S.K.: 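So that we are looking at the same thing, I have put the structure below in structure tokens.
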Amino acid sequence: MTITKTAATPASRPARGVLTGVGHLGQPSPLGPASGRRPFLAHRAWAYWLGCAGFALTLASTTGLGPHRVWGACAAVGYGTAAVLAVRNSPGWRRAAAWAALLGAVLVPLAVLVVSGDAQSEVGVVERSGALLLHSGSPYLPHPVHTVDYDPYLPGMALFGVPRALFGPGPLTDARVWFCLTFLTCMYFAARGNGGGVVRRRQFAAGSGSTPVHPVLLLAAFPAVALPLAVGGVDLPVVGLMCLSLALAGRGGSGTAAGLAMGAAAALKWTAWPLLPVGLVLLAVTAGRRPALRAAVAALSVAASAVVPVALADPHAFVEHVVLFPLGEGGVRSPATSPLPGRLLALYAPDGAALATASLVAAAVGVTVSLLIRPPRTVRAAADRLAVGLGLAICLIPATRFGYLVLPLVLTGWFRYTTRTGGSPATTAAGLPACPTLKRPDSEHRLSGGRAWGRPR
């Protein structure tokens, strides 16, 4: 083998992606960022945190919801402090700013709300459902009268209320604490579950050797995520399990772990069910049909074990709470009244509820057909496809809220942000074509004597 002493030309964009995201032969690469351009948060972090402070202050002064007002006041102070710290424009100060934002926007308001007992209605619904599940085997009231009597979630969500039912009121038994811990844990392992976590931590910093800012910290401090983390958003553990499922599916492997995560998400809420076809198609592309089938069996087994016994115990209550109420057809009208297309159709068009439901089914069929025609080959593509499906469903369902949009927002933003700044969660199998014929960068091509990577010597 002859080594030619010539200047190495810059690697092509696909090659840089392989080196920074996957490394040689599937191992994390020790290289730094592929691009010399620093990300926005590296040199304009103060402006970002100042904008967040403005949003929090505006919410605190305009909302009529007590928990949201508490969050806005605390978060405005935290984000303002973060903006002041980030002015120093050094890696250490930027990391301190991120922690200040997390403290003010999540930890302090969460502690204040837990101690005071002030909570969104969803928190009380989940905690009551946990007690009902333990005492009657069903988390649903048989004859709901008022809006707060309804539990529109699948039976798995009641597990977040079990600690309070078992050990009584307390800071550690509050359902919000378990929502928060589940979401952060899932996102942490979603960031690590692709084999590229070391590279990504390095690239979230401003430069080589600087103090890193973990992506989960930045995500948790983002206002659209920090607000439900503090006040008790039931959608965050759902989207956390979704992201974990996609990251595991992108790794390939046996498919069992990805299937278990999918099943856990599907046992919490109907909005997680579009994850199943998208995740299974991604797994079929990255690992093959057998792992995808194994994941499907695991996911359906977990979801069925949580849902079927409860549905059979009281079919009428299950349908009333979980099917009719979210569609706006229950005995009591749902308070989810954001002016999105499905809600407007149900209100003003003849047979509007049926028309909105038909549009929802048509959108689901369209997304399914797109999976068959052009299956996603990376985690980012799968997350985008799932975000599109969920966005259409949220807009078309008759009883809907703007808050539900946190699901497609996190799916799209998380994988796009991590892909741009570091190794994609779709590393190894998911980050490459299904049957790739890869070539080395020009520098390695010269070192190997002109042989193509992967060909026999």
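This is a predicted model, so every value here is computed, not measured. Below, all heavy atoms of this structure are taken into account, side chains as well, without hydrogens, waters or symmetry copies.
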S.K.: Which heavy-atom pair separates Ala264 from Leu268 by the least distance, and what is that distance?
M.R.: O-CG, 3.4 Å

S.K.: Assess, by modelled atom type and distance only, whether the side chains of Tyr150 and Glu320 contain a donor and an acceptor separated by less than 3.5 Å.
M.R.: yes

S.K.: Closest heavy-atom contact between Cys243 and Val410?
M.R.: SG-CG1, 4.2 Å

S.K.: Hey, does Val234 have a side-chain heavy atom less than 4.5 Å from the side chain of Val238?
M.R.: no

S.K.: Which donor-acceptor pairs under 3.5 Å do side chains of residues 303-315 form with protein atoms, sequence neighbours excluded?
M.R.:
unit_1	atom_1	unit_2	atom_2	d
Ser305	OG	Ser301	O	3.1
Ser305	OG	Val302	O	2.7
Asp314	OD1	Ala317	N	3.2

S.K.: Would a 4.5 Å heavy-atom cut-off, applied to side chains only, mark Val388 and Asp384 as touching?
M.R.: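 Val388 does not reach Asp384 side chain to side chain.
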
S.K.: How many angstroms lie between atom OG1 of Thr173 and atom CG of Leu166, to the nearest 0.5 angstrom?
M.R.: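 Answer rounded to 0.5 Å: 9.5 Å.
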
S.K.: Do any side-chain atoms of residues 74-86 form donor-acceptor pairs under 3.5 angstrom with protein atoms, and if so which ones, sequence neighbours left out?
M.R.:
unit_1	atom_1	unit_2	atom_2	d
Tyr79	OH	Ala221	O	2.6
Thr81	OG1	Val77	O	2.8

S.K.: Please report the shortest heavy-atom distance between Asp118 and Gly66, naming the atom on each side.
M.R.: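 Heavy atoms of Asp118 and Gly66 come nearest at OD2-C, 3.7 Å.
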
S.K.: On a heavy-atom basis, which atom in Ala45 and which in Arg94 lie closest, and how many Å separate them?
M.R.: CB-CD, 4.2 Å

S.K.: Can you tell me how far the CG atom of Leu107 sits from the SG atom of Cys180, to the nearest 0.5 Å?
M.R.: 7.5 Å

S.K.: Do Thr147 and Phe325 have side-chain heavy atoms sitting under 4.5 Å apart?
M.R.: yes

S.K.: Filter on side chain to side chain donor-acceptor pair (under 3.5 Å), then keep only pairs touching residues 264-273, sequence neighbours left out; what's left?
M.R.: Asp235-Lys269

S.K.: Look only at the side chain of Ser61 and the backbone of Thr58, and say whether a donor-acceptor pair between them is shorter than 3.5 Å.
M.R.: yes

S.K.: Mark yes or no for whether Thr185, through its side chain, and Thr182, through its backbone, hold a donor-acceptor pair below 3.5 Å.
M.R.: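 Between the backbone of Thr182 and the side chain of Thr185 there is no qualifying donor-acceptor contact (under 3.5 Å).
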
S.K.: With sequence neighbours excluded, tell me which residues meet side-chain contact (heavy atoms from CB on, under 4.5 Å) with Ala257.
M.R.: Leu248

S.K.: Give every residue pair that meets the ring pair (Phe, Tyr, Trp, His ring centres under 6.0 Å) criterion with at least one member in residues 108-130, sequence neighbours excluded.
M.R.: none

S.K.: Can a donor-acceptor pair be found, under 3.5 Å and without considering hydrogens, that links the side chain of Arg176 to the backbone of Leu229?
M.R.: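 It does not hold such a pair.
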
S.K.: CG of Leu59 to CZ of Phe55: how many Å apart, nearest 0.5 Å?
M.R.: 5.5 Å

S.K.: Return each pair, listed once, that meets side chain to side chain donor-acceptor pair (under 3.5 Å) where at least one residue sits in residues 154-163; pairs must be two or more places apart or across chains.
M.R.: none

S.K.: Side chain of Trp178, backbone of Leu172: donor and acceptor closer than 3.5 Å?
M.R.: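 At least one qualifying donor-acceptor pair exists.
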
S.K.: Sequence neighbours excluded, which residues qualify as ring-ring contact (aromatic ring centres under 6.0 Å, His included) partners of Phe160?
M.R.: Phe179

S.K.: Mark yes or no for whether Thr286, through its side chain, and Ala249, through its backbone, hold a donor-acceptor pair below 3.5 Å.
M.R.: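 Checking the backbone N and O of Ala249 against the side chain of Thr286, a donor-acceptor pair under 3.5 Å is found.
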
S.K.: Given 3.5 Å as the limit, does a donor-acceptor pair link the side chain of Arg385 with the main chain of Thr368, or not?
M.R.: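 Not confirmed, Arg385 side chain does not pair with Thr368 backbone.
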
S.K.: Show the nearest heavy-atom pair for residues Leu282 and Gly250, with the distance to one decimal.
M.R.: CD2-N, 4.0 Å

S.K.: Once rounded to the nearest 0.5 Å, what's the spacing between atom CG of Leu102 and atom CG of Leu218?
M.R.: 9.5 Å

S.K.: Just jot down the side-chain contact (heavy atoms from CB on, under 4.5 Å) partners of Val319, sequence neighbours excluded, or say none.
M.R.: Val323, Leu324

S.K.: Looking only at side chains, do His68 and Gln120 share a donor and an acceptor under 3.5 Å apart?
M.R.: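 Distance-only check passes for His68 and Gln120.
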
S.K.: Would you tabulate the side-chain donor-acceptor contacts of residues 124-135 under 3.5 Å, counting partners in other chains and residues two or more places apart, or write 'none'?
M.R.:
unit_1	atom_1	unit_2	atom_2	d
Glu127	OE1	Arg164	NE	3.4
Glu127	OE2	Ala175	N	3.1
Arg128	NH1	Val148	O	2.6
Arg128	NH2	Val148	O	3.3
Arg128	NH2	Asp149	O	3.1
Ser129	OG	Val125	O	2.8
Ser129	OG	Pro139	O	3.4
Ser129	OG	Asp151	OD2	2.8
His135	ND1	Ala131	O	2.7

S.K.: Quick one: closest heavy-atom pair of Leu246 and Gly279, and the distance?
M.R.: CD2-CA, 4.2 Å

S.K.: Just to verify, what does Arg294 make a side chain to side chain donor-acceptor pair (under 3.5 Å) with, not counting sequence neighbours?
M.R.: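 By the side chain to side chain donor-acceptor pair (under 3.5 Å) rule, Arg294 matches no residue at all.
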
S.K.: Using side-chain contact (heavy atoms from CB on, under 4.5 Å) as the criterion, list what pairs up with Pro274, not counting sequence neighbours.
M.R.: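 Listed in chain order: Leu386, Leu390.
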
S.K.: According to the interplanar angle, ranging from 0 to 90°, do the rings of His321 and Tyr140 count as parallel (below 30°), tilted (30 to 60°) or perpendicular (above 60°)?
M.R.: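 If you compare the ring of His321 with that of Tyr140, the planes turn out tilted.
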
S.K.: Among all residues two or more places apart in sequence or in another chain, which pass the side-chain contact (heavy atoms from CB on, under 4.5 Å) test with Leu280?
M.R.: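 side-chain contact (heavy atoms from CB on, under 4.5 Å) list for Leu280, sorted by chain: Met262, Ala295, Ala296.
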
